[in-house]
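Chain A is the first sequence line, chain B the second, and so forth, proteins listed ahead of strands; every chain is numbered from 1.
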Number of protein chains: 2
Amino acid sequence: MVKKNKIKNISAEEKILAAAHKVFTTKGMNGARMQDIADEAGINKALLHYYFKDKDKLFETIFVVEAQRFFPKITMIFQSDAPLFEKIENFVSEYIDEMQENPYLPWFVINEMNRDPEKFMDKVWGKENLPKPARFLEQIEEEIKAGRIKRINPIHLFMNMISMTIFPFLGKPMFVRNLRLSDKQFNEIIEQRKKEIPKFIIDSIKK
Amino acid sequence: MVKKNKIKNISAEEKILAAAHKVFTTKGMNGARMQDIADEAGINKALLHYYFKDKDKLFETIFVVEAQRFFPKITMIFQSDAPLFEKIENFVSEYIDEMQENPYLPWFVINEMNRDPEKFMDKVWGKENLPKPARFLEQIEEEIKAGRIKRINPIHLFMNMISMTIFPFLGKPMFVRNLRLSDKQFNEIIEQRKKEIPKFIIDSIKK
DNA sequence: ACTTTTGTTAACCATTTGGTTAAACTATAT
DNA sequence: ATATAGTTTAACCAAATGGTTAACAAAAGT
């Protein structure tokens, strides 16, 4: 009656999830085909609908996991109590690590976010559960008042940090082509950015 | 025999182009429906195929125009001979202007670029016609040698500038929600960034 | 053993979607 | 005015696509 953990069942459902993950994150919801997912999983298309009601449901299952992977670190930086500079270093470094392992992530998330912003935001943060930027903004204000950093609108600082961290993954095809970078070189550049971005920021705001 | 510029023809073809522009740039190639475009244009679906062979052809027509709108400024900054700081200011300011008028642009371009990077890049820059970053890189090296700016890998400087300029448009839904910004406030922030980004960069690299 | 539940498939179905056809309509040239 | 070339449409078509069904197989419960 209750779902048992038969070895076969698990492996089928997980094959589906792995396949759906691959297809959805590379093609997006609109570009993904249920048949592609079935093929990728090596099973019959009907089995997809046996485990997951329909395409939307399957997509949402994948999507929520990926979005949770992408966003919580933004929340984290808001709420942690580490010193500002350390916080910046942690954020950049952890984010880049995450995206080096899942380079599709930024495109996937940004793409789906723009496809239907309302539904998206509600699904990622429940209507209530929003990260509170107050702590982060306050912290910057404190540093300014203490005379340790220059006056800057915290929002710009926040945007700059996130932009420099994420965008290179989105613009990769453009960067590698126009800067004549090999894949290896691009990855090296990205690796450098873990230190380069915090340095760039701190050089800019430190008094 | 030869196509005449009858008023009606022009207006039909242009209605199609305007409609295709709207649908493609908001939904993307995969999300766009030929019927939607026809409806938007207020004409019969068959007429789309009368003026444009098929969906791919129509898409490409729109796409090339938009991509040309998005990319040439990157080329420009490489090739101009303006002083470095001025170049940065021009780039940021002009780019933001362009995207304020066409906020869909970054998403559309990034999206299609990731959908098929090879075809994309070839279509935007013909296989030969690549911008040469050498001038820009040299210029930064010169400034470093002249002791006017700190040592920095020009590639990082380039990535930072582009990232800070473009990304806020891609992440808008996230920013407005998490920072509790109204549309008006968001636009004000963006407006500020025309000065804020160059300042942020120059503060960081100036000796 | 045999009944029931769960897992899996091939074949099928309905809708959507890009694209075509043939006919009708409009403007222009003769 | 009428023939002609260009424009527009309604109706249609075939392929793609998401989803269902019915039958069968494998496990689990009794």
> Checking ring-ring contact (aromatic ring centres under 6.0 Å, His included) for the pair A:Tyr95/A:Phe70: CA distance, chi angles, key distance, verdict?
Replying inline: CA-CA 8 Å; A:Tyr95 237 97; A:Phe70 188 73; 5.6 Å; yes
>> Under a 3.5 Å distance rule, please check whether B:Asn102 uses its side chain to pair with a backbone N or O of B:Glu98 as donor and acceptor.
In response: yes
> Can you find a pair of side-chain heavy atoms, one from A:Phe169 and one from A:Trp107, that are under 4.5 Å apart?
Replying inline: no
> For B:Leu47 and C:dA24, what is the distance between atoms CG and C1' respectively, to the nearest whole Å?
Replying inline: 14 Å
> Once you round it to whole Å, what is the distance between C1' of C:dT8 and NZ of A:Lys15?
Replying inline: 11 Å
> Does the side chain of B:Pro168 come within less than 4.5 Å of B:Lys172's, by heavy atoms?
Replying inline: no
>> Can you tell me how the ring of A:Phe71 sits relative to the ring of A:Phe120, calling it parallel under 30°, perpendicular over 60° and tilted otherwise?
In response: perpendicular
> What pairs of residues pass the ring-ring contact (aromatic ring centres under 6.0 Å, His included) test when at least one of them lies in residues 15-39 of chain A, not counting sequence neighbours?
Replying inline: A:His21-A:Tyr104, A:Phe24-A:Phe59
> Looking for any heavy atom pair under 4.0 Å, which part of the strands does A:Leu48 touch: base, sugar-phosphate only, or nothing?
Replying inline: nothing
>> Rounded to whole Å, how long is the line connecting atom CG of A:Asp39 with atom C1' of C:dT9?
In response: 14 Å
>> Does C:dT8 have its OP1 or OP2 closer than 4.0 Å to a side-chain nitrogen or oxygen of A:Tyr51?
In response: yes
> Quick one: what's the B/S/- string for nucleotides 10-22 of chain C, heavy-atom cutoff under 4.0 Å, read 5' to 3'?
Replying inline: B------SBBBB-
> In whole Å, what is the span from the OH atom of A:Tyr50 to the P atom of D:dA25?
Replying inline: 17 Å
